[in-house]
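Both counts, for ligands and for their atoms, begin at 1 and track the order of listing. Just so it is clear, the structure is predicted and the values come from calculations on it, not from any experiment. These numbers come from the heavy atoms of this one structure, side chains and all, not from hydrogens, waters or symmetry mates.
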Amino acid sequence: MSSSFQAPKGVSEYVPPRADLFYAIREAFAEQARLAGYGYLELAVFEDTNLFRRGVGESTDVVSKEMYTFEDRGGRSLTLRPEFTASVLRAVLENGLHKEGALPVKVWTTGPAFRAERPQKGRYRQFYQLDLEAIGSEDPQVDAETIAIAAGWYRSLGLTRVRLLLNSLGCRECRPAYRARLQEFLRGLDLDEATRARIEINPLRVLDDKRPRVQEQLADAPLMADHLCAACKAHHDRVRELLADLGVEWEDTPRLVRGLDYYTRTTYEFDHPLLGAQSGIGGGGRYDGLSEDIGGPALPGIGFGLGLDRTILALEAEGAEFAPKPRCEVFGVALGETAERRLFGLVAELRRAGVAADMAFGGKKLKGAMKDADRSGARFAIILGERDLADGVAQVKELGSGEQSAVSLNNVASVLKERLSR
Ligand code: HAM
């Protein structure tokens, strides 16, 4: 019987074997980040509510509708992080990382984020992101580097159908004029009350409206791409050249708008065609004004957040081959107390040699213990009886073929290590 409790609604949790996959893809990312010189951060899960109000923006759904905000015992308003970028920048500034070494400061972090959304497949109230940020450089090479890290990670997992949708949202010089022009166009359309209200608060979001009746009317809407200032256009062209040099494919998507207010210039999303409504598996972009928005110095930045939950769904949807390292490669079965004691030491020795090893506990009989061996997923079983012990050997059985041979106890670890590497 299960207990009377269940996890709260909409919380994404992982237990084995899926949790092994979750951990393994995160490890694969850690390696990519390390190879590109990004350091790891471990950050607060909750923050001063104003950090997100000012950082992510009051007009966004994330801030206006989806935050888990609470008052602590000292009457302070705190919020469970709905995303990482504002926190990363807060931590970089607070610790003065931008004053310590060469810019950009290159960092990454991971963990749960929280949004009070209506739960459905691929959309959760507690979900997980990999977040990587490069702070303090305007160089388009940094844009291309970060995008290539994300694309490289998806590729390393064996995903083949990920699309990169790319746009530029301009800067504080060119966007206001474009915004006004777009508002003027939108005000002339036949739209419902809520959408009309959005024109005044966040007109770019209207471009993102998926309803066919709205999309039809947007056919001639002015696009940011046609209104970029010379500097933004040069930046965008350069990013695309660099991506082409790196062999990263993308689709120019002039209507791409993201749900957070801080974006400037390079803006993108990774999309997976097999995931239906929640197809955004990652997203990112530049946020050249965010540092000033939260009271810091002028410090341009760029980064991304990749959804771990949706990446796992994408792996499952594609039937991709990526497999976590096995938790058990060798399973020990002992017959009798003396043999069990020796086996216990042998399992420890195997682990020290880097072999994932486990054994039957509770003094099980041969039949039950061999069943455990099969269920463990191990490639080999070591069977140790009292007679073997007297002869100084163990029986090593390959579980797939059933092939069995006696191996000297002194050599078991090295023999198994060698046979596992074949
Ligand atoms: P975001 O697009 O809001 O961007 O989230 C990034 C990714 O997190 C999404 O593409 C999606 O895969 C995943 N995600 C978001 N909400 C949910 C949810 N409710 N359930 C499951 N997965 C979800 C950001 O958060 C930015 N901070 C990314 C960034 C970093 N931009 C610059 N630096």
Side-chain angles (χ1 to χ4, degrees), residues 9-14 22 25 29 33 38 41 43 47 51-52 55-57 60-63 65-68 80-92 104-135 142-143 145-147 149-150 153-154 159 162-165 167 169 205 208 256-272 275-291 300-315:
K9 194 170 170 223
V11 167
S12 167
E13 287 191 312
Y14 294 88
F22 179 92
I25 67 174
F29 183 85
Y38 287 75
L41 296 176
L43 298 179
E47 298 269 6
L51 174 67
F52 301 119
V56 178
T60 62
D61 282 355
V62 169
V63 169
K65 300 183 196 156
E66 297 171 357
M67 295 211 296
Y68 281 101
L80 297 181
R81 64 180 171 206
E83 62 108 48
F84 289 77
T85 311
S87 299
V88 169
L89 195 50
R90 190 268 306 142
V92 165
V105 177
K106 305 212 291 191
V107 285
W108 76 280
T109 185
T110 183
F114 306 85
R115 295 182 191 175
E117 299 199 73
R118 205 157 40 77
Q120 63 179 81
K121 188 169 183 186
R123 187 167 72 196
Y124 309 107
R125 291 178 173 170
Q126 175 176 323
F127 59 97
Y128 302 86
Q129 277 189 10
L130 294 165
D131 185 274
L132 177 142
E133 314 285 352
I135 295 165
V142 181
D143 304 39
E145 170 177 293
T146 51
I147 294 173
I149 290 170
W153 178 65
Y154 291 129
L159 288 170
V162 178
R163 295 156 64 210
L164 167 59
L165 312 177
N167 194 15
L169 289 183
R205 283 303 279 176
D208 213 24
L256 178 83
V257 181
R258 308 229 327 114
L260 310 167
D261 272 357
Y262 47 63
Y263 289 112
T264 54
R265 293 193 166 173
T266 308
T267 317
Y268 57 94
E269 242 163 49
F270 290 98
D271 182 89
H272 198 282
L275 294 191
Q278 307 306 322
S279 64
I281 61 172
R286 272 203 166 271
Y287 42 86
D288 292 344
L290 178 57
S291 174
I302 181 158
F304 57 70
L306 310 181
L308 279 163
D309 313 272
R310 292 184 193 173
T311 302
I312 288 187
L313 292 173
L315 283 166

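In this structure, the separation between CD on Gln129 and CZ on Phe304 is 10.5 Å, given to the nearest 0.5 Å. With rounding to the nearest 0.5 Å, the separation of NZ in Lys9 from CZ in Arg118 is 9.0 Å.
Contact residues for ligand 1 (protein heavy atom closer than 4.0 angstrom to any ligand atom): Glu83, Thr85, Arg115, Glu117, Gly122, Arg123, Tyr124, Phe127, Gln129, Asp131, Glu133, Arg258, Leu260, Tyr262, Tyr263, Gly280, Ile281, Gly282, Gly283, Gly284, Gly285, Tyr287, Gly303, Phe304, Gly305, Gly307, Arg310.
Remark: the Thr109 side chain and the Asp131 side chain contain no N/O donor-acceptor pair separated by less than 3.5 Å. At a cut-off of 3.5 Å, with distance as the only test, a side-chain donor of Gln126 or Tyr128 sits close to an acceptor on the other residue. Between the side chains of Tyr287 and Thr85, no donor-acceptor pair is found at a separation under 3.5 Å.
Under the side chain to side chain contact (heavy atoms under 4.5 Å, CB included) criterion, Ala33 pairs with Phe29, Tyr38, Trp108, Leu132, sequence neighbours left out.
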